[in-house]
Each structure stands twice: as C-alpha cells, then as structure tokens.
Peer 1: 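Sending over a structure as structure tokens; questions will come in a sec.
Numbered from 1 within each chain, the chains take letters A, B, ... in sequence-line order.
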Number of protein chains: 2
Amino acid sequence: MSRIPEVLKEQVDRIAEAIIYLYTESRRLTKDQAAKVGLTGPQLTVVKILDELGDLSLSELSDRIRAQNSTVTGIVDRMEREGLVDRKRSAEDRRVVHIQLTDKGQKLARGLNFEPFSIFRHAIQQALEPQELLQLLGLLDKLAKWVRTEVEGESTGERTKKRASNDDD
Amino acid sequence: MSRIPEVLKEQVDRIAEAIIYLYTESRRLTKDQAAKVGLTGPQLTVVKILDELGDLSLSELSDRIRAQNSTVTGIVDRMEREGLVDRKRSAEDRRVVHIQLTDKGQKLARGLNFEPFSIFRHAIQQALEPQELLQLLGLLDKLAKWVRTEVEGESTGERTKKRASNDDD
DNA sequence: GAAGAAAACTTCGCACACGAAACATCGCCG
DNA sequence: CGGCGATGTTTCGTGTGCGAAGTTTTCTTC
C-alpha cells in the first residue's frame, strides 16, 4: 500500500503547496489582467473559449470551464447584461440555450493579447528546458490519470454522474 | 526570448490543464469530505492548521491559507458562530486578534483521519515512484520560483506590498 | 508628546461557486 | 395518445474570495 518512505512526506506536502500556489497566484493575476479590459477572470475565459470554438450550449460551456451549470448561468447573466453575449434557444431542442458572442464580445476577444492563466504558461516556457517541460507533463498526466480513475471508481454509486466524459481536454 | 519551439505550445497548454484539473478536483473532493463532518473546505483547513500550530493571529491565518484578511474574517465569523473557534484580543498589541480552537473544534480536528487536499497527496504517493516525486518537486519549485520573482518584480510599483514574506512554506 | 503614517481588522458590495429544488422540454414505453 | 423518467437550464440559499474604505491601535518623527 505505502510505496513511499515516510521521509518523503514533507516533499509530498511541498508539491501540494507548490501546485496550490501556482494555481491561486495565476488566478489572481488573470483576474488583474482581465480587470484592465473590464472583465472578471471567468468572463475572460468564457470570451476566449467562445471566440475560439464558436457558439456553445450552456452545458458545454460549463464542462469547458469546469464549473456547474448554476454557476455558469450567473456568469452568462452578467455578461449578457454587459452586452458581451446573447442567449439563443435551440430550435432542435428547446431545452438547450446557445451562448454566442455579440460583435462587442468578439471585438473584445480578438483585441486581447493574453490568455487566461498566461503567467502560468509563461512560467512553464521561460523557466523550464524543453526536456523538463515534457518530463513535467508526463508526471502531471500520471497524477491526473490516477485521480481520474480514483474519483470515478471510488464514489459509492453516488456523485459520479457528472464529469465522466473528459477524453481530450 | 522564446526558448521553446512552437511545437511545444500544445504541451504547455496540457500542463496548465492538468494543474487546473488537479487543483479543482482536489478542492471539490476536500469539500465533500468536509461536508460529512459539517464543515466547509476552508473551515476544514483552518481547523487543521490551528490544531497543528496552535493559536494564530488572523493575519497569520490569512497567510497560511493564501487568502485576504477580509475573506478570513468571514470564515472565522461563521466558525465562531458554530462554536469551533474563539477570538481573543492580544494583550501586547490590541490591534491583533488571536484565533483559537474551542474544545469542540479541537475534538473535531483530532477526530479527522484526512487532510485537506488529501486525494491529491494520495495521488502523489500512489501514482509516482520516489524518484519521480523528487523530480516533480524540483520542476514545480522551479516554476513557483519563477512566478514569485516575476510577480514581485513586474508590477509597476503597485500591488506588490502583500505576499512578500514567504520563505519556507 | 502630538501629528501623521502604518498596521491589524472589519465592513461593504460584488462576483463566483456549489447543491438542492423548481421548471420546461424531450424521449420512450405502453 | 398519455404518462413519466431523463435532460437542460434557472432559481435560491449559503459560503467563499476579493478590493476599497473605515476603525482602532501602534509606531515614527520631529
């Protein structure tokens, strides 16, 4: 069961710390950048995704940004209020709502020269050698895969419904 | 400027994705676990930290959990309401508020057999060989260090005041 | 030792973020 | 056709999470 000597416990903690640090700091900086063009962090992400992929249903959007539908409803509400996106009922399935960028939203998206979490991406590129980069990717993939199977297998029959169809993201 | 061939752009994105995935999924699971004992995610973290380190001022607590004072004020408010912690004005410096676990809070903390982000820690231990673990730590430290200097150097004189005193965490 | 800067908290307003419940629509099965 | 479970979205209540402004206390500096 325990492949890892007790001595490495501290290292495990430091890895966790580092990931938490990288994530929170990146989010904070993304938010700052977004604020300069009048957006919030999540709104910036939505604008970029819609510009890249075209219209999406609210559920598809939720999957993309790893949030619940109820969360995204709120984000879209505020973006609609600002005239950045429109809601369009689907003709084929009238339960579905398609979210689309307005002209204003699209213009905004294309005028941006940064991505969400860009500090993060910069760090990866600037701080690491190509070979290290690939190493890191391999290790993180291994971790992510382990978590994925654990999460989907573990739950006692409940709570597994969502987030089961992530193949390529 | 760009040490990285264009080909690796996709790998960079995948690294970012992986970290975001690991963080958000861990947080979600931590929250689920905490809910079983009537706590929220951040509350679980606070309880564990206070049990481990003893009383802390609100600012020290903020640093530990990487949140702003105004956020922690709210968390402590609700925990105080639930009788998990007490606020004590410091005698030496009457601006300072010490947060301490109540008996109830301490009993709760010690009854828990899991840590915040424990899925995460498990993944690190179970999915990786000791040697990979050290490799990963090295790479993440490198990234974190780069971000740290970038963040503290970059800003045009503003917004750097906070978060300058992290040496060992 | 008093004016003013600085530090520690709190308050306020806003934007996520989630789960549970409500609602509308679709699909199927008889 | 008509029920009826499943699916897509919204609503609601609660809990973060942040920055700006406000309050109290301490520190500085003259």
Peer 1: Check every atom of dT16(D), dC16(C), dC18(C) against the side chain of Lys31(B) and return the nucleotide holding the closest atom.
Peer 2: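 Of all the options, the side chain of Lys31(B) is nearest to dC18(C).
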Peer 1: Please tell me which of the listed nucleotides, dT26(D), dT10(D), dT25(C), lies nearest to the side chain of Arg94(A)?
Peer 2: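 Ranking dT26(D), dT10(D), dT25(C) by closest atom to the Arg94(A) side chain puts dT25(C) first.
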Peer 1: Flag the pair Glu80(A) and Arg87(A) as a salt bridge only when some basic side-chain nitrogen lies within less than 4.0 angstrom of an acidic carboxylate oxygen.
Peer 2: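 Salt bridge flag = yes for Arg87(A) with Glu80(A).
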Peer 1: If you pin Thr40(A) and Glu60(B) to their nearest nucleotides in DNA chain C, which one's is more 5'?
Peer 2: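 Nearer the 5' end of the strand: Glu60(B).
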Peer 1: Quick one: label Arg89(B) by what it contacts on the DNA or RNA (base, sugar-phosphate, nothing), any heavy atom closer than 4.0 Å.
Peer 2: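 Answer is nothing: Arg89(B) stays at 4.0 Å or more from every strand.
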Peer 1: Expressed in angstrom and rounded to an integer, what is the separation of Asp93(B) atom CG from dC27(D) atom C1'?
Peer 2: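 Those two atoms, CG and C1', are 10 Å apart.
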Peer 1: Rounded to whole Å, how long is the line connecting atom CD of Glu82(B) with atom P of dT14(D)?
Peer 2: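 Distance check: Glu82(B) CD to dT14(D) P gives 12 Å.
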Peer 1: Assign Thr73(B) to base, sugar-phosphate, or nothing according to its heavy-atom contacts below 4.0 angstrom with the strands shown.
Peer 2: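 Base, at least one base atom sits under 4.0 Å.
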Peer 1: Counting distance only, does the side-chain N/O of Ser26(A) pair as donor-acceptor with the main-chain N or O of Leu22(A) below 3.5 Å?
Peer 2: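 A pair under 3.5 Å: yes.
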Peer 1: What contact category does Arg81(B) fall into here, base, sugar-phosphate, or nothing, at under 4.0 angstrom with non-hydrogen atoms?
Peer 2: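 Sugar-phosphate, no base atom in range.
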Peer 1: Between Glu17(B) and Arg14(B), does at least one N-O distance fall below 4.0 Å, as a salt bridge requires?
Peer 2: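 No.
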Peer 1: What is the ring orientation for Tyr23(B) with Tyr23(A), classed by angle as parallel under 30°, tilted 30 to 60°, or perpendicular over 60°?
Peer 2: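 Ring orientation of Tyr23(B) relative to Tyr23(A): parallel.
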Peer 1: Identify the two heavy atoms, one from Ala127(A) and one from Glu132(A), that lie closest to each other, and give their separation to 0.1 Å.
Peer 2: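 Of all heavy-atom pairs spanning Ala127(A) and Glu132(A), the closest is O-OE1, 4.2 Å.
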Peer 1: Which one, dT9(D), dG17(D), dA8(C), comes nearest to the side chain of Leu58(A)?
Peer 2: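 That would be dT9(D).
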Peer 1: Rounded to whole Å, how long is the line connecting atom CG of Asn69(B) with atom C1' of dA21(D)?
Peer 2: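 Value for this atom pair: 15 Å.
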Peer 1: Tell me whether the side-chain N/O atoms of Gln43(A) come closer than 4.0 Å to OP1 or OP2 in dA15(C).
Peer 2: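 False: Gln43(A) side-chain N/O out of range (4.0 Å or more) of dA15(C) OP1/OP2.
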Peer 1: Quick one: is Arg78(B) getting a side-chain N or O under 4.0 Å of the dT14(D) phosphate, OP1 or OP2?
Peer 2: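 Answer is no, no contact under 4.0 Å.
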Peer 1: Ignoring the backbone of Pro42(B), work out which of dC9(C), dG17(D), dT9(D) is nearest its side chain.
Peer 2: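 Selected nucleotide (nearest to the side chain): dG17(D).
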Peer 1: When you check the phosphate oxygens OP1 and OP2 of dG17(D), does a side-chain N or O of Arg27(B) lie under 4.0 Å from one of them?
Peer 2: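 Affirmative; the distance criterion is met.
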Peer 1: Can you identify which nucleotide, out of dT25(C), dA7(C), dT10(D), has its nearest atom closest to the Arg95(B) side chain?
Peer 2: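 For Arg95(B), the side-chain atoms sit closest to dA7(C).
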Peer 1: Hey, does the side-chain of Ser70(A) have a donor or acceptor N/O within less than 3.5 Å of a partner on the base of dG19(C)?
Peer 2: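 Yes, the side chain and the base share a sub-3.5 Å donor-acceptor pair.
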Peer 1: Less than 4.0 angstrom between a side-chain N/O of Arg87(B) and OP1 or OP2 of dT10(C), yes or no?
Peer 2: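 Checking Arg87(B) against dT10(C): at least one side-chain N or O falls below 4.0 Å of OP1 or OP2.
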Peer 1: Starting from C1' on dT11(C), measure out to CD1 on Ile75(B) and report it in whole angstrom.
Peer 2: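 That distance rounds to 16 Å.
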Peer 1: How many Å lie between CD on Glu25(B) and P on dA17(C), as a whole number?
Peer 2: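 After rounding, the gap between these two atoms is 15 Å.
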Peer 1: Arg66(B) has an atom CZ; how far is it from atom C1' of dT16(D), in whole Å?
Peer 2: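 Computing the Arg66(B):CZ to dT16(D):C1' distance gives 17 Å.
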Peer 1: For the pair made of CG in Leu29(A) and C1' in dC18(D), what is the distance, rounded to whole Å?
Peer 2: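 Rounded to the whole Å, the gap is 14 Å.
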Peer 1: Specify the separation, in whole Å, of atom CG of Leu61(A) and atom P of dT10(D).
Peer 2: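 Rounding to the nearest Å, CG of Leu61(A) and P of dT10(D) are 11 Å apart.
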Peer 1: Is there a donor in the side chain of Thr102(B) and an acceptor in the side chain of Asp86(B), or the other way round, less than 3.5 Å apart?
Peer 2: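 Not at all, the side chains of Thr102(B) and Asp86(B) share no donor-acceptor pair under 3.5 Å.
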